[in-house]
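As the structure is a computational prediction, the values presented were derived from the model and not from experiment.
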Amino acid sequence: MTLLDLESLVAELPELPLAAPVERAGLASWPAASEHVLDGMLLRFSEEYTRRANCANAYTSGAMTAQDRIAACEALYKAHALPPIFRLIGAWPQPAMDAALAGQDYSLADVTHVLTLELADFAMTNGTAQFWQQADTESWATAYGQSSGMPPWQRHPQLRILSDIRGRRLLCGPGSPEQPPACGLA
């Protein structure tokens, strides 16, 4: 998928000017191994590592019925040996899809809240915490695995996603890289 395709799929919303740019940035910052467009939906496949990289994202109501879209997605995810996961984004409401999923015994798994902050206005108080940056992806992934309890089988797909991120990235965390309480990615 090209950037132009993504820009046409994730439409600008005049009433929410940050929605489309933030959504596109989120997709680009956690790239899937493969992506396909199906009737106004972006389907992402990535070795079952994280739901964000393995879900059907609904951006328009499409031409197909909601039931047909669900069935088509289920077949494609089954062909990739992945569970079908549907991501409905509040900025692009899909009431028919939401109702059809609920009618087929799908349930809400996670809610994500997207928050923004003008970094130029951000100032740390009591700056006594140790903060580190890691240029080496392997070391950061090890620190992440230690702090999150990530299962070993997820390491390969995680490293693939990290290596596929285009542009600048910051791998960091508080405390010591040897025993991090958490890790961050920007």
inquiry  = I need the R52 CZ to L27 CG distance, nearest 0.5 Å.
reply    = 6.5 Å
key: Closest non-hydrogen atom pair, E47 against W153   = O-CZ3, 3.9 Å
message = If hydrophobic clusters are built from ILVMFWY residues whose side chains come within less than 4.5 Å, do L82 and Y49 share one?
response = no
key: Test side-chain contact (heavy atoms from CB on, under 4.5 Å) applied to A56 - qualifying residues, sequence neighbours left out   = M41, L43, C73, Y77, F86
message = Donor-acceptor check, side chain of D68 to backbone of M64, threshold 3.5 angstrom: yes or no?
response = no
key: By ring-ring contact (aromatic ring centres under 6.0 Å, His included) - contacts of H80 (at least two apart)   = F45
message = To check you understand the geometry: which heavy-atom pair defines the closest contact between S29 and G26, and what is its length?
response = OG-O, 3.1 Å
query = Are R44 and S34 linked by a side-chain donor-acceptor pair shorter than 3.5 Å?
reply = no
query = Rest of the hydrophobic cluster containing L108 (Ile/Leu/Val/Met/Phe/Trp/Tyr, side-chain heavy atoms under 4.5 Å)?
reply = V111
Those residues that, when tested against W30, pass ring-ring contact (aromatic ring centres under 6.0 Å, His included) (two or more places apart) = none
Side-chain heavy-atom pair L171, T137 within 4.5 angstrom cut-off = yes
request  = To the nearest 0.5 Å, tell me how far N57 CG sits from W92 CH2.
outcome  = 10.0 Å
key: Pairing residues for D110 by the side chain to side chain donor-acceptor pair (under 3.5 Å) criterion, not counting sequence neighbours   = R51
query = Taking C-beta and beyond as the side chain, do R69 and L38 meet within less than 4.5 Å on heavy atoms?
reply = no
message = Restricting to side-chain contact (heavy atoms from CB on, under 4.5 Å), what partner residues turn up for L16, sequence neighbours left out?
response = L13, A19, A91
query = What residues, two or more places apart in sequence or in another chain, satisfy side chain to side chain donor-acceptor pair (under 3.5 Å) together with T142?
reply = R155
inquiry  = As an exercise, state the distance from CE of M97 to CD of Q67, rounded to the nearest 0.5 Å.
reply    = 9.5 Å
key: I89 CD1 to T112 OG1 distance, which is reported to the nearest 0.5 Å   = 10.0 Å
ask   = How about P84 and Y106: do any of their side-chain heavy atoms sit closer than 4.5 Å?
value = yes
request  = Scan side-chain atoms only and decide if Q94 and Y59 contain a donor-acceptor pair under the 3.5 Å cut-off.
outcome  = no
note = Sequence neighbours excluded, the answer for side-chain contact (heavy atoms from CB on, under 4.5 Å) partners of D98 is L88
message = Please report the interatomic distance CD(E23) to CG(L18), rounded to the nearest 0.5 Å.
response = 12.5 Å
key: Side-chain donor or acceptor of S139 paired with backbone N/O of D136 under 3.5 Å   = no
key: By side-chain contact (heavy atoms from CB on, under 4.5 Å) - contacts of P17 (at least two apart)   = none
inquiry  = Among residues at least two apart in sequence or on other chains, which ones pass side chain to side chain donor-acceptor pair (under 3.5 Å) with E12?
reply    = R24
remark   = Taking every heavy atom of A96 against every heavy atom of A66, the minimum-distance pair comes out as O-CB, 3.6 Å
query = Sequence neighbours excluded, which residues qualify as side chain to side chain donor-acceptor pair (under 3.5 Å) partners of S147?
reply = none
task = Show your reasoning for whether side chain to side chain contact (heavy atoms under 4.5 Å, CB included) applies to L9 and V37.
result = CA-CA 9 Å; L9 183 63; V37 175; 4.2 Å; yes
Please list, one pair per line, the donor and acceptor atoms closer than 3.5 Å that link side chains of residues 158-165 to other protein atoms, with sequence neighbours excluded.
residue, atom, partner, partner atom, Å
R160, NH1, D164, OD2, 2.6
R160, NH2, P31, O, 3.4
R160, NH2, S46, OG, 2.2
S163, OG, L159, O, 3.2
S163, OG, R160, O, 3.0

